[in-house]
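Worksheet for the structure shown next.
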Amino acid sequence: MISKIKDTGIKDKFRFFSENKSVTLTIIFILIALIAVIAFSFFGTMRILSRGVETIAYIELDKAEQSLQGNIDDCRLYTLLICNCFESEKNAADPQKEISLHSKHMADIFSHSYIGTYAEHGSFVFSDTEIKNAKTKRWYKDSHGSPDIAKVYVEESRSGLRDGLIVISLYDSSTDSISAIFLNAEMILDSVSSNNDFNKLFDAVIFNDNGGLISVQNHANRKSTAEFMKSSKGVDVLSKFAKITRGHDVFRIGRVAQTAYFCRLVDDWHIMYYANRADIYKDFYLFSIIQYIVIILIFLLFIMFFIQNHTNSLRLERALKTRSAFLTNMSHEIRTPLNAIIGMSEILLRRDVHGAARNDVVSIHNAGTGLLAIINDILDYSKMESGSFKIINDEYDLPGLVTEVVSLISFRLKEKDVRLMVNINPAVPRRLIGDEVRIKQILVNLLGNAVKFTERGYIILSVDWDFISNGETNLTLKVADTGIGIAEEEAKLLFDEFTQADAGAKSKHGGTGLGLYISKNLAQQMGGSISLESTLGKGSTFTVTVKNKVENYAPFAAVSDENVMLGIYERDITLAELLAVSLDMLHVNYRLISDDKDPDN
């Protein structure tokens, strides 16, 4: 059973994609755009990080070069000082003491890197090192070939840096002397290893112009790295880098890509920092993977929520349409016999029926009319909820509409001491374009409520208009009564569905509480609104505005001869005032008498 439910849910989601192609294409487009943004963000960030790593690597290369160069510059100074020892006659006779003093100073400065000093002037030779056959060395010959220039040379050994030498030599032509200072090549490693954090990630290789490996500073794979560097592929890589004074490139050790930064260090020696690309960016890769997985999961959750919500909306829409169709069919089935009952009761009331029989027929007529109103309200409410309710605009006659509504409401007032009055602005156009049926429904609802809750006094229906432009007008309908009124806190909820102001009204007067809710929705769908002004115990005034188009500007009422004098006798002061307002609008001369005097006087 559970598997069937899951299969149904999956089928619903696939049905959603097949039935909503435009939405599906939109989702695919958004997904492609999201992937493009992620790719752009990833590669853009990678580019920024690469530049950052490159900057740091070059800074470290500069530090190593500057550190070593600083030591070499100090040595150049001492070679000059040693050669100067042969200038004065005093020192020229026995320069041993002063040269030994310089050698001691250098041993203090360079610590374990200092090997010793060699000096030669004529037959005088000073050497505190184990260097033999100095005259056969490259540095000795080149120094004589480039006098008065302190030059730097490196002497490699089979054991790499451990027994290699850095030689700083100077031939002074003025004193015909040569001096040389020897440093252990391992001091290069001290310069290379100055940044512990950097060296945790990057390894260092020192190599010569021919691609020969001098030293490998490697934390984990020193042996395998040295084997690769000594192989033909490694020599080719190093030889290629040796031709470039300063730069960066990528090479492979096995299948692993390595990022390398290199520069010339001293003489024909070069230094290269290299690291596995995956190791350099592994934190970034991890962070990016987590970040983008979270983004994609959020997007997928959003899509799932959207699909689920849309599916639920479709189900709800189908349910509302099904309910609406059911209610429509049922209402037609119920209204047919109900209209017959109401019609027969009206026929009986027109006949000479008296006593208890007449009361019974009145009860049947009232019950049938009330039930029909409830059915109509429920049907309209269902249509509004399902979105199938439509406004149909057509030409109609406003005087005819008002007459029909007043006739219907007057019939309900026969048993009450309530007068129904109509006040219409005579300038209102007779022929309008709008939904006559729905305007009539609003008036019947409002006037019906006024009849229900007014026991004595009057009910006034007022009709006015406000011309807008382009043949459009705001038709204003007001229903005022002297009924029970509505409290302010109850008035706020009056236009909600299934709501009535008086808690006992439903049991006393009947109804569903949908009339005002439907009237509000009808007014809004016709581009208008509905409002209420009420005082508890004194009465209420409902004001409705709806937008109509003017078909014919002929006025509702007009007087052809304004010179006519009318005499009007009316005891009800309210009705007399209402008549006076209407006659003033028509510009008619009149005399109004509203007391008990003989109207002929």
Side-chain angles (χ1 to χ4, degrees), residues 393-410 418-447 449-450 457-482 519 522-523 526-534 539-566 568 570 572-592 594:
N393 294 317
D394 199 1
E395 181 183 346
Y396 70 94
D397 182 66
L398 183 59
L401 182 149
V402 173
T403 301
E404 187 177 346
V405 171
V406 169
S407 299
L408 179 63
I409 298 301
S410 297
V418 179
R419 301 189 69 175
L420 175 61
M421 302 179 233
V422 179
N423 178 27
I424 302 176
N425 184 343
V428 174
R430 295 177 62 90
R431 305 294 294 178
L432 299 172
I433 297 176
D435 196 327
E436 178 185 9
V437 175
R438 299 308 175 186
I439 294 173
K440 188 187 301 181
Q441 183 177 352
I442 293 173
L443 286 176
V444 170
N445 270 330
L446 297 180
L447 289 168
N449 284 339
Y458 59 84
I459 298 171
I460 301 176
L461 169 62
S462 301
V463 181
D464 203 348
W465 75 313
D466 180 22
F467 180 74
I468 304 174
S469 63
N470 298 326
E472 286 193 343
T473 180
N474 270 335
L475 187 64
T476 303
L477 310 169
K478 284 188 179 182
V479 176
D481 64 60
T482 57
S519 297
L522 288 174
M526 289 187 284
S529 63
I530 186 169
S531 61
L532 167 64
E533 294 179 5
S534 182
S540 305
T541 300
F542 287 88
T543 302
V544 179
T545 61
V546 293
K547 281 186 178 179
N548 276 194
K549 288 187 176 181
V550 180
E551 173 64 21
N552 191 327
Y553 284 92
F556 191 95
V559 177
S560 58
D561 187 359
E562 297 182 359
N563 294 322
V564 175
M565 171 64 77
L566 294 178
I568 301 173
E570 176 57 58
D572 191 312
I573 296 175
T574 303
L575 183 55
E577 291 175 352
L578 192 62
L579 288 170
V581 171
S582 298
L583 292 172
D584 287 336
M585 289 182 179
L586 289 169
H587 304 290
V588 174
N589 297 317
Y590 64 91
R591 182 182 177 190
L592 186 61
S594 59

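Nothing here was measured: the structure is a model prediction, and the numbers come from that model.
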Practice item. Kindly indicate, with the supporting measurements, whether the criterion side-chain contact (heavy atoms from CB on, under 4.5 Å) is fulfilled by L432 and V550. Key: CA-CA 5 Å; L432 299 172; V550 180; 4.2 Å; yes
Restricting to non-hydrogen atoms, name the atom on [X] and the atom on [Y] that form the minimum distance, rounded to 0.1 Å.
| X | Y | answer |
| --- | --- | --- |
| N548 | G434 | ND2-CA, 3.9 Å |
| Y396 | E436 | CB-OE1, 3.4 Å |
| P555 | P426 | CB-O, 3.1 Å |

Side chain proximity check, [X] to [Y], heavy atoms < 4.5 angstrom:
| X | Y | value |
| --- | --- | --- |
| L443 | L401 | yes |
| L475 | V428 | yes |
| F542 | N449 | no |
| D464 | K478 | no |
| K549 | N393 | no |
| R430 | L398 | no |
| L446 | I530 | yes |
| V463 | T476 | no |

Review point. At what distance, to the nearest 0.5 angstrom, does CE of M421 lie from CG of L461?
Key: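 Here the rounded value is 12.0 Å.
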Backbone N/O of [Y] and side chain of [X]: donor-acceptor pair under 3.5 Å:
| X | Y | result |
| --- | --- | --- |
| N552 | A554 | yes |
| D481 | G539 | no |
| S534 | T541 | no |

[X] atom [atom1], over 12 foreign heavy atoms within 6.0 Å:
| X | atom1 | value |
| --- | --- | --- |
| E533 | CD | no |
| Y458 | OH | no |
| K547 | NZ | no |

Exercise for review: Apply the test side-chain contact (heavy atoms from CB on, under 4.5 Å) to residues R431 and D397: give CA-CA distance (whole Å), side-chain angles for both, the deciding distance (0.1 Å), then the verdict.
Suggested key: CA-CA 5 Å; R431 305 294 294 178; D397 182 66; 3.0 Å; yes
